[in-house]
Amino acid sequence: MIIFKQAAALQKHLQILINTNRSIGFVPTMGALHQGHLSLIERSKSMSDVTVCSIFINPTQFNNAADFEKYPVTLSEDIYLLEKNLCDILFVPPVSEIYPAGLNATRHYNLERVENILEGEFRPGHFQGVCQVIERLLNIVQPAKLFLGQKDFQQQLVIKHLVKELQLPVSVVSVPTLREPSGLAMSSRNMRLNTLEKDQAAAIYKMLVYLKNNFAGGNFTALEDYASRFLLHHGFDKVDYVKIVNAETLQAATRWDGIDHLVAVVAAFIGEVRLIDNMVITRV
Ligand code: AMP
C-alpha cells in the first residue's frame with residue numbers, strides 16, 4: 001500500500017492510473033478502523049481497479065469540541081489492517097492539505113430539508129462540515145465510485161444530494177451496516193465503551209428489531225415513545241431521538257402507506273458516548 005500525505009503527490013499518482021483507464025474506488029474514513037470500514041474496502045476492491053482509503057478526522061464536522069478531542073486515533077493499527085486487506089492507497093492528509101485557505105474559508109451548501117432534522121438538529125453545522133470535506137476529497141481523488149456505509153444513513157443521503165447538486169461524476173455505492181454478534185453496529189466510538197456499556201448498547205439493535213416487527217398497523221408516536229423508554233431502561237442515559245421516517249426524504253412518518261420505504265433512526269448516549277444506528281423496517 002502506498003501512503004500519501006500531500007494532495008498534489010496523490011493526484012499525480014492517481015492521474016497516471018486514470019490515464020491508463022484504471023477505475024478508482026474511494027472509501028473516506030476518520031480512522032480507528034473496524035470490520036465495518038473494511039467491508040467498504042472489500043466492496044470497493046470488488047468493483048474498482050484501485051482502492052483509495054482516506055483517514056482524516058474532519059474538524060469542521062464536529063459541533064462538540066470534546067467529541068473531536070476524544071475521537072480515537074489508531075493510525076498504526078489502521079495501516080496494518082489496510083495492508084492486510086490489500087487496500088492500494090491510503091491518504092492521510094494534515095488539516096492544511098484539506099483546508100489550505102483555513103477552516104473559516106469553507107463554503108456553504110444548500111442541503112434543503114435533509115440538513116436540519118435528526119442529526120442536523122442535534123449537531124448544528126455537522127452536515128455542512130461533511131459536505132466540505134467530501135467535496136474536497138472527491139476533487140483530489142476523482143473516484144468513479146464512492147463507498148459509504150448505511151450506518152450513517154442521513155450522511156449517505158446528504159452526500160448523494162451533494163453529488164447531484166454539484167453534478168459530480170461519481171456514483172455512490174451504499175454498503176450495509178456490519179454488526180457485532182450482539183447486534184451492536186460497529187463504530188469507532190464503541191472503543192470508548194467498557195464491556196458492560198457495550199452489552200447495554202446492544203439494546204439499540206433489539207429496539208430496532210422490535211420496531212421492524214411491530215410498525216405495520218402501529219401508532220408510530222406510541223412506538224417511538226416505547227422505544228425511547230426501552231433504551232433508557234436498558235442503560236442508556238439520554239435519547240436524542242428515535243424516529244420512524246421516510247427512507248428517501250427522512251420526513252417523519254405517522255403511518256405506513258404500504259409503498260414507501262421507512263427507516264427507524266436513533267441517536268442515544270451511554271455516558272458521554274453518542275451512538276447512532278438505523279434499520280430499514282420495510283425490507284425483509
Ligand atoms: P467513519 O470513520 O465513522 O467516518 O466512517 C467511514 C465510513 O464507514 C462511513 O461511510 C460509515 O458509514 C462507514 N461505516 C462506519 N461504521 C460502519 C459499519 N458498522 N458498517 C458499515 N459501514 C460502516
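Whatever order the structure lists ligands and atoms in, that order sets their numbers, starting from 1.
- Every atom of ligand 1 with a heavy atom of Thr177 under 4.0 Å away is listed here by number and element: 19 (N), 20 (N), 21 (C).
- Among all heavy-atom pairs drawn from Gln61 and Val133, the shortest one is OE1-CG1, 3.9 Å.
- Of all protein heavy atoms, the one closest to atom 23 (C) of ligand 1 is Lys151 CB, 4.0 Å.
- Using a 4.0 angstrom heavy-atom cutoff, Ala32 does not count as in contact with ligand 1.
- Without hydrogens or angle criteria, Ser48 side chain to Ser23 main chain gives no donor-acceptor distance under 3.5 Å.
- Here is the list of ligand 1 atoms found below 4.0 Å of a heavy atom in Met186: 16 (N), 17 (C), 18 (C), 19 (N).
- In this view, Phe62 and Phe68, Tyr71 satisfy the ring pair (Phe, Tyr, Trp, His ring centres under 6.0 Å) rule, not counting sequence neighbours.
- The nearest heavy-atom contact from the protein to atom 21 (C) of ligand 1 is Pro176 O, 3.5 Å.
- Only the backbone of Pro28 comes within 4.0 Å of ligand 1, counting heavy atoms alone; no side-chain atom from C-beta on gets that close.
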Pair Phe122-Tyr241, ring pair (Phe, Tyr, Trp, His ring centres under 6.0 Å): steps then yes or no
CA-CA 9 Å; Phe122 288 90; Tyr241 59 82; 5.8 Å; yes

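- Here the CG atom belonging to Asp78 is positioned 4.0 Å from the CD1 atom belonging to Ile55, to the nearest 0.5 angstrom.
- Of the polar atoms of Gly149, at least one N or O is found under 3.5 Å from an N or O of ligand 1, judged by distance alone.
- Taken to the nearest 0.5 Å, the CG atom of Leu118 stands 6.0 Å off from the CG atom of Leu250.
- For residues 154-168, the set of pairs meeting the side chain to side chain donor-acceptor pair (under 3.5 Å) definition, not counting sequence neighbours, comprises Gln156-Ser174, Lys160-Ser174.
- Atoms of ligand 1 found under 4.0 Å from any heavy atom of Gly36 (numbered from 1 in listed order, with element): 18 (C), 20 (N), 21 (C), 22 (N).
- Put simply, the side chain of Ser39 gets close to the backbone of Gly36: a donor and an acceptor are under 3.5 Å apart.
- Ranking protein heavy atoms by distance to atom 4 (O) of ligand 1, first place goes to Met30 CG, 3.6 Å.
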Is there a ring pair (Phe, Tyr, Trp, His ring centres under 6.0 Å) between Tyr210 and Tyr226? Walk through the geometry before answering.
CA-CA 10 Å; Tyr210 177 85; Tyr226 172 78; 5.0 Å; yes

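- In summary, the aromatic rings of Phe127 and Tyr109 are positioned with their centroids too far apart to meet the 6.0 Å limit.
- Of the protein's heavy atoms, His37 NE2, 3.4 Å lies nearest to atom 5 (O) of ligand 1.
- Close N/O approach between Leu178 and ligand 1 is found [any backbone or side-chain N/O within under 3.5 Å].
- Residue Phe153 places no heavy atom under 4.0 Å from ligand 1.
- Proximity of Leu40 to ligand 1, defined as any heavy-atom pair under 4.0 Å, is confined to the side chain (atoms from C-beta onward).
- The distance from the CE atom of Met279 to the CD1 atom of Ile204 is 11.0 Å, given to the nearest 0.5 Å.
- Looking only at heavy atoms of the protein, atom 11 (C) of ligand 1 is closest to Asp152 OD2, 3.1 Å.
- At least one heavy atom of His34 sits under 4.0 Å from some atom of ligand 1.
- Nearest protein neighbour of atom 3 (O) of ligand 1, counting heavy atoms only, is Tyr71 OH, 3.8 Å.
- The proximity of Phe56 to ligand 1, defined as any non-hydrogen pair under 4.0 Å, does not occur for either the backbone or the side chain.
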